[in-house]
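Position 1 is the first residue of the sequence, and the numbers go up from there.
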Amino acid sequence: MSKFEATEHQHTRFNPLTGQWILVSPHRMKRPWSGQEEHPQQVELAEFDPKNPLCPGVIRANGVKNPAYTSTFVFTNDFPALLEDVPLPPKSDDPLFQTGGARGTCKVMCFHPKSNKTLPLMSPKEIRSVIDSWIKEYRELGVKYTWVQIFENKGASMGCSNPHPHCQIWACSFLPNEPRIKDDHLLRYYQTHGRALLDDYAKKELVKNERIVLDNPDWLVVVPFWASWPFETMIISRNGNRRISDLNQQQINNLAIVIKELTTKYDNLFKCSFPYSMGWHGAPTGDLATQPDGHWTLHATYYPPLLRSATVRKFMVGFELLCQAQRDLTAEQAADKLRHLCGKKHYSEHI
Ligand code: H2U
């Protein structure tokens, strides 16, 4: 039998953040593609749409008029999944019918007054305003709530309901599943090794130099060894920050550059406004803010669905839904593609 080659031979990889395994099947990259292929809809967005409730000066669904904002603009979601004041469910002794209390709030943050300015098309200064607003909201909501989730759904294929550049912030009274599982795994690693898992991981990735997309003294961007989405990436703090509220001015400046370059590379990959769902994870807040947090490292994860072109996307169905995640392109191959793409100039500027 021939010698094992990660780019040729199927294998499984362990995600130490979740305790889950992923199946990697690189030999399938050679198969002919006969799946769904749509024609891209290259819709040119106008700077301003008087009917778009996220634009400056427009009246939203609840009858409130947005201010004529010139930078970022934050408002409480008019259709929130979490409300602040609701009665709690009764306790149940039945192990099969458990309920828990859920309180919270949901906000929407517009990144820019112009609808056609996505993050890669914004200046580092404009992106810094977005990061400053993330930090402000995180600090305020983190006083009261156990978990503050900042996330951006970009593109209709990732469930984004409005083309205006924006993100959402949900704050809740409980530790949701993903952060809870991560907290557990990070803590166990810390108890065994005495160091934060993602600090160790970032250092090892810098030495291995196989999955790095870009880096600067404050941030490392990698396609994680255990990535399940084709071009999944993580932005990891290199300075031991635990929460987004810990960042200093230089780290914010360097983060703005990293976000601009990464999202420009993403758009340049298939020459489209690259869809993804992304979000920040750091140590819990609220009632858990005083707990030891040395096991946490601030990081963001990007989950983009596109696989082969602007229209061919991956679906997590079949074996993946019923058994475990699977990928064809290896993390190293995806990182190599992203690393070599231009991150300084957006494809639309070449036209
Ligand atoms: P998404 O595109 O990620 O769905 O975010 C847009 C949010 O904006 C969505 O959650 C809110 C929706 O509830 N929204 C308002 O709060 N008011 C409006 O008038 C329109 C949209």
Side-chain angles (χ1 to χ4, degrees), residues 54 69-74 107-140 142 148-155 160 164-169 198 202 206 212-223 231-269 273-282 297-304 338-339 341-349:
L54 265 50
Y69 64 92
T70 54
S71 177
T72 59
F73 167 55
V74 182
K107 293 194 167 187
V108 179
M109 179 191 293
C110 299
F111 290 159
H112 197 280
K114 293 185 181 172
S115 289
N116 55 1
K117 280 271 187 174
T118 53
L119 287 166
L121 299 173
M122 287 167 59
S123 67
K125 185 167 174 262
E126 289 169 329
I127 300 175
R128 279 206 302 274
S129 303
V130 171
I131 302 168
D132 287 340
S133 297
W134 283 343
I135 292 171
K136 180 173 177 285
E137 291 300 320
Y138 186 90
R139 282 209 177 113
E140 282 173 18
V148 180
Q149 184 60 58
I150 299 167
F151 65 96
E152 180 192 4
N153 290 333
K154 180 163 170 263
C160 180
H164 192 89
H166 69 282
C167 73
Q168 296 195 44
I169 303 173
L198 283 175
L206 281 159
I212 298 176
V213 175
L214 54 103
D215 68 292
N216 64 34
D218 295 312
W219 302 98
L220 173 69
V221 183
V222 289
V223 176
F231 293 96
E232 179 177 327
T233 55
M234 277 175 89
I235 303 180
I236 307 172
S237 162
R238 290 177 63 181
N239 299 97
N241 293 306
R242 317 259 202 262
R243 299 178 177 85
I244 199 164
S245 48
D246 296 344
L247 299 182
N248 65 29
Q249 214 47 56
Q250 184 202 298
Q251 291 160 353
I252 293 172
N253 289 346
N254 276 336
L255 179 58
I257 293 166
V258 157
I259 289 176
K260 183 164 173 69
E261 287 197 17
L262 175 62
T263 55
T264 301
K265 280 172 180 280
Y266 270 156
D267 278 12
N268 286 346
L269 181 61
S273 188
F274 202 73
Y276 56 72
S277 197
M278 71 77 70
W280 286 97
H281 277 184
T297 307
L298 173 70
H299 61 281
T301 311
Y302 284 73
Y303 299 110
L338 290 174
R339 185 167 52 247
L341 277 164
C342 178
K344 306 279 182 209
K345 203 165 181 193
H346 192 263
Y347 73 91
S348 61
E349 295 173 69

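- Between the side chains of His346 and Thr264, not a single donor N or O lies within less than 3.5 Å of an accepting N or O.
- Residues Ile131 and Ile135 are in side-chain contact: their nearest non-hydrogen atoms beyond the backbone lie under 4.5 Å apart.
- A donor-acceptor pair under 3.5 Å is formed between the side chain of Arg238 and the backbone N or O of Asn216.
- In this structure a side-chain-to-backbone donor-acceptor pair under 3.5 Å is missing from Trp280 to Val148.
- Between Trp134 atom CH2 and Ile244 atom CD1 the span is 6.0 Å, to the nearest 0.5 Å.
- Listed by first and then second residue, the salt bridge (Lys or Arg N to Asp or Glu O under 4.0 Å) pairs involving residues 244-255 amount to none (not counting sequence neighbours).
- Glu152 places a side-chain heavy atom less than 4.5 Å from the side chain of Phe111.
- Between Ser277 and Tyr302, the side chains place no donor N or O within less than 3.5 Å of an acceptor N or O (distance only, hydrogens not considered).
- Counting heavy atoms from C-beta outward, His299 and Ile235 have side chains that stay 4.5 Å or more apart.
- A donor-acceptor distance shorter than 3.5 angstrom exists from the side chain of Lys265 to the backbone of Leu341, with no hydrogens or angles considered.
- Ser348 is listed as a side-chain neighbour of Leu121, based on a closest heavy-atom distance under 4.5 Å.
- In this structure, NZ on Lys260 lies 8.5 Å from CD on Glu126, to the nearest 0.5 angstrom.
- Here the SG atom belonging to Cys167 is positioned 9.0 Å from the CD atom belonging to Glu137, to the nearest 0.5 angstrom.
- In this structure, the side chains of Leu198 and Met234 come closer than 4.5 Å at one or more pairs of heavy atoms.
- Between His281 and Gln149, some side-chain heavy-atom pair lies under the 4.5 Å cut-off.
- Within the structure, the ring-ring contact (aromatic ring centres under 6.0 Å, His included) test picks out no pair touching residues 232-258 (sequence neighbours left out).
- A distance of 6.0 Å or more separates the ring centres of Tyr303 and Tyr276.
- Residues satisfying the salt bridge (Lys or Arg N to Asp or Glu O under 4.0 Å) criterion with Arg339, sequence neighbours excluded, are Asp336.
- Residues His166 and Met109 have side chains not in contact (no heavy-atom distance under 4.5 Å, counting atoms from C-beta outward).
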Any chance you could lay out the side chain to side chain donor-acceptor pair (under 3.5 Å) test for Gln250 and Asp218, step after step, and finish with the verdict?
CA-CA 8 Å; Gln250 184 202 298; Asp218 295 312; 2.7 Å; yes
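- Of all heavy-atom pairs between Leu220 and Leu206, the closest is CD1-CD2, 3.8 Å.
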Please determine whether side-chain contact (heavy atoms from CB on, under 4.5 Å) holds for the pair Val222 and Val213, giving the CA-CA distance in whole Å, both sets of side-chain angles, and the decisive distance to 0.1 Å.
CA-CA 5 Å; Val222 289; Val213 175; 5.8 Å; no
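- Heavy atoms only, all atoms of each residue included: Tyr347 and Asn268 are closest at N-OD1, 2.7 Å.
- In this structure the side chain of His112 reaches within 4.5 angstrom of the side chain of Met122, judged on heavy atoms.
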Could you check Arg242 against Leu298 for side-chain contact (heavy atoms from CB on, under 4.5 Å), going step by step and ending with a plain yes or no?
CA-CA 5 Å; Arg242 317 259 202 262; Leu298 173 70; over 6 Å; no
Given Thr233 and Leu262, is the side-chain contact (heavy atoms from CB on, under 4.5 Å) satisfied, shown in steps?
CA-CA 9 Å; Thr233 55; Leu262 175 62; 3.7 Å; yes
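- In plain terms, the two heavy atoms of His164 and Ser115 that are nearest each other are ND1-OG, 2.7 Å.
- In this structure, Arg128 and Ala256 approach most closely via the heavy-atom pair CG-CB, 3.7 Å.
- Rounding to the nearest 0.5 Å gives a distance of 6.0 Å between CG of Leu338 and CG of Leu269.
- Interatomic distance, CG of Asp215 versus CD1 of Ile236, reported as 11.5 Å (0.5 Å rounding).
- Within the model, atoms CD1 of Ile252 and OG of Ser129 stand 10.5 Å from one another, a figure rounded to the nearest 0.5 Å.
- Between Phe231 and Phe274 the shortest heavy-atom distance is CB-CZ, 4.4 Å.
- Nearest heavy atoms, Asp267 versus Pro120: OD2-CG, 3.3 Å.
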Run Asn241 and Thr297 through side-chain contact (heavy atoms from CB on, under 4.5 Å) and show every step you take.
CA-CA 6 Å; Asn241 293 306; Thr297 307; over 6 Å; no
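- Side chain to side chain, Lys154 and Ser273 meet the donor-acceptor criterion of an N or O pair below 3.5 Å.
- Checked for salt-bridge contact, Glu140 and Lys136 meet the test: a charged N lies under 4.0 Å from a carboxylate O.
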